[in-house]
Structures are given as structure tokens and as C-alpha cells.
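Okay, so here's the structure we're looking at.
To find a chain, count down the sequence lines: A is the first, B the second, and so on, and within it residues start at 1. What you see is a predicted model; the values in this text were computed from it and never measured.
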Number of protein chains: 2
Amino acid sequence: MYHRYIAAKEASSAQRTRVLIIDAAADLLAASASGDFSTREVCDAAGVAAPTLYHHFGDKDGLLREVAADRFSRYLTRKQALEATGDPVEDFLRGWDMHVEFGVTNPALYTIMYGRPMDGRTGPADHAHAVLVTKMRDLERAGRLRIPAETAADMVASAAVGVTLHLIRTRAAADDHLSAIVRDAVTAAVISPPAVPGAPPVTPQLVRAAARLEAEMPHGPVGTLRASETTLLREWLAQLSALSSAAGGDPP
Amino acid sequence: MYHRYIAAKEASSAQRTRVLIIDAAADLLAASASGDFSTREVCDAAGVAAPTLYHHFGDKDGLLREVAADRFSRYLTRKQALEATGDPVEDFLRGWDMHVEFGVTNPALYTIMYGRPMDGRTGPADHAHAVLVTKMRDLERAGRLRIPAETAADMVASAAVGVTLHLIRTRAAADDHLSAIVRDAVTAAVISPPAVPGAPPVTPQLVRAAARLEAEMPHGPVGTLRASETTLLREWLAQLSALSSAAGGDPP
DNA sequence: GCTGCAATGTAGCGATGATACACAGAAGCG
DNA sequence: CGCTTCTGTGTATCATCGCTACATTGCAGC
């Protein structure tokens, strides 16, 4: 009746109804207290009938996934302009804050994305994780990562999701400092400090000595050092002994 | 018909049917792939009719909460005997591992407990968090906490839940080292080193290697290590190399 | 203009969470 | 024992839910 003129103007009518349904579902989801909606509500709000919804999204879960993906990517792209700092570490920190902020301001969508096991199909959470892995690879390429990029991405994702869900569950404010604390703790565990300011004096003897000590290190606590300290010590020794040749490193 | 005799033997018939329903729901939940069940399934499996279920648990959500609380507390008490170490730090680490293990082995229950916003009423997650806070207070009283106990509990809970949900979401194995890494990272950020440990195993080779590396250590930042880290590393190396004589033996 | 295809409305199915109502059996009391 | 009362349970049913078979509409290409 009426879509004809709109359809003729720009996008296909099908795409129009798609975004119509997605918008209606997102609005209902944001307004709902239970974090859920019925397909009938969505159809009524969007002005379409049930088969239209299922024709476009397959089932309710497909709609949920598309809504989450749409809103999440929209949120990211809207704030992406702020991520223009050349520093990958700064980008990483901003990415964390954006992630948490999105979750706190969109608890229903976030819970759908991260609060339940995957149902086989890939969702927006997988896409976000892929982006995170590339960010970690950037850091790795810049020599700022203590651990493999994939492991770092898993650590960061776990901690960020945990904090966000905790804030959602406890109804805590978004500006709570919990996110910052955990973020810094994870950062300290994942990201190494900038290469070296001056000229790092690393002699082959030091590297050999570090490798020797690393080989001698047992797995439990050593001497007066606690287990956690031993872990950190072993990690540092690995870094030092890995410096073998390319030690003198030159800043770009 | 038949419960009469059982009921007469010990507990009230009402309590019997309660645990009957809870067990049936837990079994169905563990067997279900979707992480959900229908009240009809539960009633059939428990051998009761629908009004009985609603008479005891109010609604489906009440049943879910009671099932989660029952299984979680059962899991904790079953493993609580292993938490007999006097060291509060060790207790904390074991608590973390137990938490993650429970989540990975009971993904459906865990998702119900932590994967969605609180619906006003208190659930098993709140109880678990209260236990965690008391543990953190123990650490605080032992002078092993860098930050307030409540903040530490929030950090630990966030990270542990995040890791567990990540493992559930990615279908990763329970023995994945991700949990250990995040756990150690959080531990390093929350717990301060101990006063004095016991008598750990130290080989003469390790002591010599530590002394050698200590001699090779320069004063500035070394390789990829920050200046502060280098300081700490040098300190630890001094501790290890000082173990030379009194190391292997244990003082009477 | 006719045909094929994608998109949409009408009507309804099966399953689900939840409930109104009545019955059963134990407890208390004469 | 008879009577009442209350908790616990079964029978039957409701409103809603996700979803779909089928018919209809509108638009593209020959």
C-alpha cells in the first residue's frame, strides 16, 4: 500500500522491513525488564505479520543474533572515530572501556551475546572476538605482548565479559572503577612496557645466565619466593633468554 | 500409592517430593543441550503433576534457582574437605579452581546462575559471592591484600565468572590453562607476597644460576622488562642466590 | 500480458508456563 | 469414632508462545 513509494526511492522494500523489524525488536528489548520479548510483540510493533519475521530471520534466535550484531557494530562504528590514537595500547584500553560501556548501557543485548553458551552458529560475540584478536596481533607485532596473541585475546575477553556481566548483575554504575582495576590488572599481565627508552644493555652472558636459571627453575615455589612470584620470575627469564640476538632493538 | 511407606520412614512426604523434583530438573538440565527444560518434562520425570511443582517452587524460575543453589552448595561442600590447607592464599586458589570446574562441568546451571541479570531476588550467586567476601576478609586480616576486601572480591568474581563463561562459550576443555593464567594475573593484582614461606626445594645449580644472572644484571631496564620489574627481578635473584648455604636443609 | 519468484497476510498447530478446582490424607479435638 | 482443617496432589484447562502450511500480493523478465 504505502511502502511502494518508499521502496522506489531507495532500498528494496525487503531491506526496509528488515530494519523495521530489527529496530522494533531492539526497542522492545531495551524497554523490557525481563530481557526478552515475544515475536508477536515485535510483529505488532513493526507492523508486519509473523511469517514475514520468520521469512527474514529464520527463527527468533536468528532475529536476536541480528539485533545484537546490528546494535553492537553500530555502537562500535559510532565510537570508532575516537580510536584514532596511533598507540595500540591506548586503542586497546579504549576498546575495553567501549566494550564495558556497551554492555552496561545495553544489558539485555549484552546478556544475549555473552550470557549463554554458543548454539553452534557464530554470533556477534565471535566477530567481536575476531576484532580483538587482530588488535592483539597488532600489539604482538609491536613487541608489546608478553604472551601469544590468541591467549591474550582470550584473557582480555574473559576479563572484560566477566566485569561487564558483573556490573550488569549487580546493577552497578557504569563509571564504577571495577572495570578500570580489572582492566589494568589484565593489562599488566598481558602487555609489556614499551621496548626500551635508552639502549638496553643486554649481553650474551646475561642471556645465557637467564636461560640457565630458567632451566633450573622447578614448577613449585622456589626458596623464599611464592608460587605467583615464581610464575612471574619464570616468565621474565623466558623473556630475557629469548632476547638472544635481536636484543639491541631499535625503536622505529 | 507408594510414597506412603517411604514417607513414613523418614522425612515428610513434602520434602521427598521436593528433592524428587529438584533431582529430576537437575538431571534434565544436565542432559539438555539447550540448557533449558520444560516443566512438563520435570513433572513426568519426577512422577508428579504440574500443580505439585508450582506448589513447591512458585514458578519455573524458582525451581531453577533452587536447583542451582542445591547443586552448587552440594558441589562446594563435597570439595570443601580438600580446602583444609591453613594458607588462605592456597584456599583462595583452590576456591577459584573449584568455581571454574563447577561451571565447566555444569554449564547449564552455571549459565543460569551467572549468565543473566538478577531478577531482584537473591540467588546462589549472591551466596557464593558472600562466601568469597569472607575469604577476602581472611586474606585482608592476614595482611595479604593490596586492596579492600570488597573490591578484591568483585575483581575475583568478575574474572572467575568471565573465564568460566568463556570456557563454556568456546567449549574449551576444563584443563585449559586460560583459567590459571587469569587466576595468576588477578592474584598478582590482588594479593601481596607473604611474610615468610616454608622450606622449599632449592638445588645448588639453581642458586649458582641465580647468582650468575644477578651478576650479569645491569642497573637500568633490561630487554623487554620495565625498570620496576628489573628491580623486582634483581631482588628475587638476590633472595635465591642468598639461599646458597641454608637452602636445602630445613632449620630445626 | 504472462509467468516465476520473493515477500507478505490469514489462520492455525503443537507445546509451554501457569492455574482453578476438587479430592485425598494426615493432624487436632470432641 | 466423627468432624473439621490444612497441606499436598491430580484432573482439566487457559492464555500465550514459537512457528508454519497455505493462499495472496507485488515485482521482475520474456
Side-chain angles (χ1 to χ4, degrees), chain A residues 1-25 28-29 32-68 108 112 116 119-121, chain B residues 1-25 28-29 31-68 108 112 116 119 121:
Chain A
M1 302 298 184
Y2 50 91
H3 336 71
R4 240 182 302 163
Y5 309 95
I6 308 174
K9 186 189 281 185
E10 193 197 359
S12 77
S13 160
Q15 289 299 333
R16 293 283 306 179
T17 53
R18 269 188 77 92
V19 304
L20 219 64
I21 294 173
I22 288 182
D23 287 348
L28 284 172
L29 212 49
S32 162
S34 66
D36 198 9
F37 58 74
S38 78
T39 58
R40 282 174 166 81
E41 288 176 322
V42 175
C43 290
D44 288 351
V48 299
T52 304
L53 189 154
Y54 290 97
H55 171 74
H56 283 287
F57 303 99
D59 59 354
K60 181 179 179 178
D61 209 65
L63 172 59
L64 277 174
R65 244 179 304 115
E66 292 228 22
V67 169
I112 291 170
R116 52 182 195 178
D119 28 349
R121 296 169 286 193
Chain B
M1 300 294 187
Y2 49 91
H3 340 71
R4 242 183 301 165
Y5 309 95
I6 308 175
K9 186 188 280 184
E10 192 195 2
S12 79
S13 162
Q15 288 299 332
R16 295 280 309 176
T17 52
R18 269 188 78 91
V19 303
L20 219 63
I21 294 174
I22 287 181
D23 287 349
L28 284 172
L29 212 49
S32 162
S34 66
D36 198 10
F37 58 74
S38 79
T39 59
R40 280 173 168 80
E41 288 176 324
V42 175
C43 290
D44 289 351
V48 300
T52 304
L53 189 154
Y54 290 97
H55 171 76
H56 284 286
F57 303 98
D59 60 353
K60 181 179 180 178
D61 208 64
L63 172 60
L64 277 173
R65 242 179 306 114
E66 292 228 22
V67 169
I112 290 170
R116 52 181 193 176
D119 27 349
R121 295 168 287 194

Closest approach of B:Gly35 and B:Ser32, non-hydrogen atoms and distance? N-OG, 3.2 Å
Distance-minimising heavy-atom pair for A:Ala25 and A:Leu63: CB-CD2, 4.1 Å
Is the phosphate of C:dT8 approached by A:Thr17 (side-chain N or O, under 4.0 Å from OP1 or OP2)? yes
Under-4.0 Å side-chain N/O to phosphate OP1/OP2 contact, A:His55 with C:dT8: no
In whole angstroms, how far is the C1' atom of D:dG8 from the NE2 atom of B:His56? 7 Å
Between CZ of A:Phe57 and C1' of C:dT8 the distance, given in whole Å, is 14 Å
Please find the pair of heavy atoms, one from B:Leu29 and one from B:Ile112, that lie closest to each other, and give the distance. CD2-CD1, 3.6 Å
Which heavy atom in B:Val42 sits nearest to a heavy atom in B:Phe37, and how many Å separate them? CG2-CD1, 3.3 Å
To the nearest angstrom, how far is B:Leu53 atom CG from D:dG8 atom P? 14 Å
Qualifying side chain to side chain donor-acceptor pair (under 3.5 Å) pairs with a residue from residues 41-53 of chain A, counting only residues at least two apart or across chains: none
Looking only at heavy atoms, the pair that brings A:Ala46 and A:Leu20 closest together is O-CD2, 3.4 Å
Interatomic distance where CZ belongs to B:Arg18 and P belongs to D:dT7 [whole Å]: 15 Å
In 5'-to-3' order, the base (B), backbone-only (S) or no-contact (-) status of each nucleotide in nucleotides 17-23 of chain D, using a 4.0 angstrom heavy-atom cut-off, is BBBBB--
Distance check: side-chain N/O of A:Thr52 vs OP1/OP2 of C:dG9, anything under 4.0 Å? yes
Euclidean distance, atom CD1 of residue B:Ile21 to atom P of C:dA18 [Å, nearest integer]: 14 Å
